[in-house]
Amino acid sequence: MADFGQYLANIKNSAVSIFEGMAVTFSWMFRRPTTIQYPDRSEKPVRDMIPERSRGVLEVDVKTCIGDLQCQRVCPIGVILIEMDKAPDGKGRVIKRFDIDVSKCMYCGFCTEVCPTNAMRHTHEFEGCSRDIRNLVLHFVDEPVPPYKLQKDVTPPTPPLGEILRTRVLRKWDASYRAWESKYVPPPPAPGGGSAEAQKGKEKKAEAQKAEEKKAEGTVEAAAEQPSRPAAPEPLPVPEGIRAGDILEAVEKAKSIPPAKAPESPAPVVAVPPPEEKAAAPAPPEPEVPPKDHVVEAIHEEQPWTKQLVKTPEPEVVHGNVDLTAEPLRVPETTDRSAAVDMEPKAEKPSRREVQEAVPEKPGFVPPPDEPDRPMLDRVLAAMPGVADCEGFCGYPSCRGYANALSSGGEFEHDLCDRGGKGSADRIALLLRKMKKKETVKTE
Amino acid sequence: MSELFTFIQGRWDPAVTYPQIVWPALVVAYGVFAVTFASLFAGITSWYERRVAGRMQCRIGPNRVGPQGVLQWLADGFKAFLKEDLVPKEADGILYRIAPYPVFVGVFCTWVILPYAPAVVGADLNVGVVFLMAITALVVAGIIMGGWASNSKWALLGGVRSAAQMVSYEIPVGFALLTAVIPAGTLSLQGIIAAQGGAPWNWMVFHSPATFIAFFVYFTAALAEGNRTPFDLPEAESELVAGYNTEYSGMRFIWFFFAEWANLYVIGAVVAAVFLGGWRLPGVGIEQQAASLWLQFAGACLFVLKALVLVNVIIWLRWTLPRLRVDQLMIMCWKYLVPAGMVLVVVAVFWVFVERGMPGFARWVAFLLCATGFFLVGLMFWRAWYNIKYGGDRLYLKFMV
Amino acid sequence: MNEQTVDTFGNEMMTLNMGPQHPSTHGVIRFVVTSDGEIMQKAVPHVGYLHRGIEKIAEGIPWQSFTPYTDRVDYLAAMFANHGWAMAVERLAGIEVPPRAEYIRVIASELNRIASHLVAVGAMAMDIGAFTPFLHGIREREKINDLMEELCGQRLTYNFVRVGGVSSDLTPGWDKKALAFIEALGPLLDEFNRLITGNEILVKRCADVAVIDPRTAKSFGLVGPNLRASGVDWDLRRDQPYSVYDKFEFRVCTGKGWRGRVGDSYDRFVVRVDEMIESVKILKQALGGIPEGPVMAKLSKKLKPPKGEVYAAVESARGELGYYVVSDGGEQPYRAKIRTGSFAALSAIEALSCGLMIADLVVLIASFDVVAPEIDR
């Protein structure tokens, strides 16, 4: 009889517990799901939902790197590779290479903790997928940079988190970012619409706003650019407030812009005419993005090593410069194209095919001779005209990014460069065919 | 189907057109309808189940392909269709290739006897219930073939489990159906529906205590026959990788699952027909319903609705319960369901006399059982509400996420 | 136990390879199962698929730099591995840890224990066939992961407990968030119990399956919840108090044989559920009594502990996680040995598997809560 009681108890237990369990699952039919729809249907971009301390992909701001190699030493797995070199003028040293192998990084955070200037940082970027693992070696130095000098009571400037990284990571595969970009980043002003002046003003305003927000301390650069300030059309409300990103760009630009005295520099809207030094280089005069600030010249004057660099007739150097002055993805095209190239700006974006047919190659572009002993990345880069005003059909933020992807095998389409046209495509194809025969890929 | 013909035969000479044109055409048309309906149902259920499961698990579920993801099943099916039709090297090629078809056929043939309305039924067989049990046994053959021919130990274990399980659970299924057949006095599904009424207290499930319990017995056993959780041992994912279909891929794999999802509807439809009044509308007589095309249509809709509610319950159970062990499965069958079924048949026979001797008492019991049923449904809603409150949550009735 | 055999009625035995790619082996573990149909004669675990040589790595890098590697010892409960290593080095070098750091360590560890147990019980339910409880567990664990990310910067590999303290202080408002979470966890655990713990099918699947009596449990070196489920009242937090655990009131949960015999799989399940409730108690006390002060001791950059050896163990979510460390006075450890609970648990499976069904093996593995990287290291 006890067994029969157990028998009935089993039935009762089963029925009751199953009923209770079903009530729980049923109740969840009428409760809010806890998941969010990554990547494109969440209320905010996921990047902005991440807590402050979150450790994402590493980035380094080489402008504030003091070059003490602490991060390289503390890294348990050797993710970071820094090479220091003697400065061309013989005084001091320069950072020749700063590579971070993101594919090896285990995000422990040791390197960021030892950095005295906060140049090495964990961003909130986490979408690092790439077709080729070699693309994940991020090169943060294009041109040798002098190390930052630590001073007392001066906080090194910090660009917005992730800005440097985003220009380095190949955005081509980052579909989610593009979805966000179209949704959240304000659309760029129409290229032909507002006058360059208006655009300039807008930028200034944004800059000033940012500066106020950040309440940045006076920086070395800021101090240096003070004398050149009167030359600017309108003085900034907060003179010491320089957007760190601008400084970056400015320094990059400084390398390709002739070393002219600040008062002599033309109005910022007009493209800089090619000076003698430039003409000596095999690369043709190129339309430059007008300097947003006269910081450019100021910094340039301060650092004579850049002068030397520009003088040396290295085509690769020029290309490296140009591709960096090209704005990162979201920044609108500000160049007045008609000043440099005789072409009317089109109202709509033409297709790649159209562009290639209309402009088979950038006029006046003479590709530099191929140097087989150079790294493949530079050779591919040299095969492209590397203009700043290209339509960006390749989908990469910079020519260097595209060249990197091509030379490392991450990109298979060799004819994406619209300004290079057929000539570039053929040259690149030739190079890549050679590369296949002889594995001379050097990504590091 | 002869009733339907009475609508149309006035136009033609029945002696000539009826056997030679209309009949074959209708058979083909119904066949096409049944297979299309079954396939569509299976496909959409596969999406629907994932959405429901998602919500039960605090997720959202597939909602990208088409509006709210309704076309997900097409995308999945298309992908499977394009995949290579792999046959393992050591497998028995012929058996391996034909194994999905008995499964498919076994499930889809039940559409022949599913009654939608007084006149809309493939064939009102006078042995309908027996046909149902016989034709679903084909599924076992297919699964054993698949499990054996794959030449994989996991698949073999799954196939053998399936054989033991399905053959065993035929018996409680038979007993439970018999409990409903005894008061109805017929094996035909249409006859069983006709013996019930439209109002809930006239349904077979509330007819007597025996049929009330038989409803649960049948539902449980049918789940086991259809390899649904908590009885999905043949394809137990965490134990046997994927059971009998471990080695299958591409379209053949999809056949198995089409059959499984179509079987959901079969279970729901048979329960709705045998226990829940089928196509009977409340307050409408059979003759009245048979005479009106619109009432027939309404009855068909009601029938499908009842079946779909049951499909929901099956899905709900699947995402709630763990799986039994193989010996517990057998214990459940032979120590609980089969004895219960035997007792139920005896009680059902006894109840025939009760009904005749004390019709008032029988009617009172039917009302009581009906009240119990609705109480259980209400209790479920109350418990769900309690869970929401207890968890500190709020009611969220947005289903289109 | 090994001598026991299954009567096969003169049939042949079947050898089944379960894993390394099998849905319920919890990582890359392989079991070679000898069975007669459904009934197993034995299941022999084969390990080594995830061996990364972490102990050898320790010999080649500085003392403090080993912490991120300990994250990889047990990815479900990395905080304990961090804590154990930090404790070992601190004992070797005689470092005094600030009290606030100790409290933060306890808070982070107990949160991590809840997260790990949620996965353990959820995964066990999933192996038994119920998918929903797993995701309900994951739902709560995600909230813990969010808290951890805010505190440590990472969701799983924290690298938070460092030699000499913790890497960073609590962020402002973090303790309130954590308190709100643990307040809400109680009702949700009750709901979880209604959903699965009380479920009769689960009870039948787990009760009286793979019973381990206290003697056997000790002889196999089982630790943590697996040991306590067998009725052995042993918890390092109470019996060898480390950090500031001696300041908190909590109950050590042991198996009571709720629905079967003491030490069966169901006890191991319930002990984990109970421990979560106890962790909530500890968390409430710790968050209420956290002192002010620094979170990191003053250390020289190049740590050189004196010559010697030390064994430091913490009560991890998977039991005693011990570090045996030898120093030769240099900048790097001379030898580091990690003692983990999963390895001991796995060794018990072969002896326990005789006579079980294949479905029970899945329950057994899940009830031990083995984590593959912890087995191999």
Side-chain angles (χ1 to χ4, degrees), chain A residues 6-29 31-36 38 46 49-58 68 70-79 104-114 116 121-124 126, chain C residues 57-58 60-62 64-72 82 125 130-133 135-136 138-140 142-143 145-160 162 167-169 171-172 174 177 188 190-204 259 296 301:
Chain A
Q6 184 64 43
Y7 182 87
L8 291 181
N10 279 346
I11 295 172
K12 193 199 120 216
N13 283 346
S14 305
V16 171
S17 64
I18 288 172
F19 188 85
E20 281 294 330
M22 285 172 79
V24 171
T25 43
F26 191 52
S27 79
W28 269 97
M29 289 296 291
R31 288 157 90 164
R32 194 187 187 86
T34 44
T35 48
I36 57 163
Y38 172 80
V46 175
M49 293 152 86
I50 289 174
E52 186 58 38
R53 283 183 189 171
S54 185
R55 300 199 290 266
V57 180
L58 282 169
D68 62 351
Q70 278 207 66
C71 49
Q72 188 180 356
R73 257 179 249 130
V74 82
C75 182
I77 31 185
V79 160
K104 275 201 281 185
C105 178
M106 61 176 177
Y107 305 96
C108 61
F110 282 149
C111 51
T112 59
E113 283 164 20
V114 296
R121 292 181 303 173
H122 277 289
T123 61
H124 290 172
F126 55 93
Chain C
I57 290 172
I61 58 173
Q64 291 110 316
S65 294
F66 186 56
T67 338
Y69 287 96
T70 60
D71 286 332
R72 275 80 183 168
N82 283 349
F131 201 79
T132 305
L135 282 157
H136 282 215
I138 288 286
R139 180 192 71 220
E140 294 310 306
E142 277 303 306
K143 294 177 188 165
N145 282 355
D146 285 346
L147 284 173
M148 286 298 199
E149 193 181 9
E150 201 179 325
L151 179 65
C152 326
Q154 284 290 19
R155 297 172 77 81
L156 289 179
T157 52
Y158 310 115
N159 190 20
F160 181 60
R162 305 280 175 81
S167 71
S168 48
D169 202 348
T171 54
W174 188 87
K177 275 188 207 169
L188 287 167
D190 284 353
E191 188 187 291
F192 185 84
N193 286 344
R194 279 203 296 278
L195 173 61
I196 190 71
T197 313
N199 191 296
E200 192 67 14
I201 299 176
L202 181 111
V203 172
K204 290 279 172 217
R259 300 297 293 271
M296 193 75 186
K301 233 172 207 176

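Chain A is the first sequence line, chain B the second, and so forth, proteins listed ahead of strands; every chain is numbered from 1. Any value given below was found using the heavy atoms of this structure, including those in side chains, with hydrogens, waters and symmetry copies removed.
Residue C:Thr67 touches chain A through its side chain alone, counting heavy-atom pairs closer than 4.5 Å. In this structure, chain C has a heavy atom under 4.5 Å from the side chain of A:Thr34, while its backbone stays farther away. Contacts between C:Thr132 and chain A at a heavy-atom distance below 4.5 Å involve the side chain alone, from C-beta outward. The contact between C:Lys204 and chain A is made entirely by side chain atoms (from C-beta outward), counting heavy-atom distances below 4.5 Å. Contact annotation for C:Leu151: both backbone and side-chain heavy atoms come within less than 4.5 Å of a heavy atom of chain A.
Among C:Ile61, C:Thr157, C:Thr171, the residue with the largest count of heavy-atom pairs under 4.5 Å with chain A is C:Thr171. With chain A as partner, the option from C:Gly198, C:Ser168, C:Pro62 having the largest number of non-hydrogen pairs under 4.5 angstrom is C:Ser168. With chain A as the partner, the residue from C:Arg155, C:Arg162, C:Glu142 showing the most heavy-atom pairs under 4.5 Å is C:Arg162.
Salt-bridge check for A:Arg55 with C:Glu150: failed, with every basic side-chain N at 4.0 Å or more from each acidic carboxylate O.
Nearest approach of A:Val74 to C:Ser65, heavy atoms of both residues: O-OG, 4.1 Å. The heavy-atom pair separating A:Pro76 from C:Tyr69 by the smallest distance is O-OH, 3.7 Å.
A donor-acceptor pair is defined here as one N or O able to donate and one able to accept, closer than 3.5 Å; no such pair exists between the side chain of A:Asn13 and the backbone of C:Glu200.
A:Glu20 meets the salt bridge (charged side-chain N to carboxylate O under 4.0 Å, His left out) test with B:Arg383, C:Arg194; sequence neighbours excluded. Qualifying side-chain contact (heavy atoms from CB on, under 4.5 Å) partners for A:Lys12, counting only residues two or more places apart in sequence or in other chains: A:Val16.
Taking 4.5 Å as the limit, every side-chain heavy atom of A:Val24 sits out of range of all side-chain heavy atoms of C:Phe192. No side-chain heavy atom of A:Arg53 sits less than 4.5 Å from a side-chain heavy atom of C:Cys152.
The structure places CG of C:Asn159 at 14.5 Å from OH of A:Tyr107, a figure rounded to the nearest 0.5 Å. Note that the CD1 atom of C:Ile201 and the OG atom of A:Ser17 stand 7.0 Å from one another [nearest 0.5 Å]. The distance from the CD1 atom of C:Ile57 to the CD1 atom of A:Ile77 is 9.5 Å, given to the nearest 0.5 Å.
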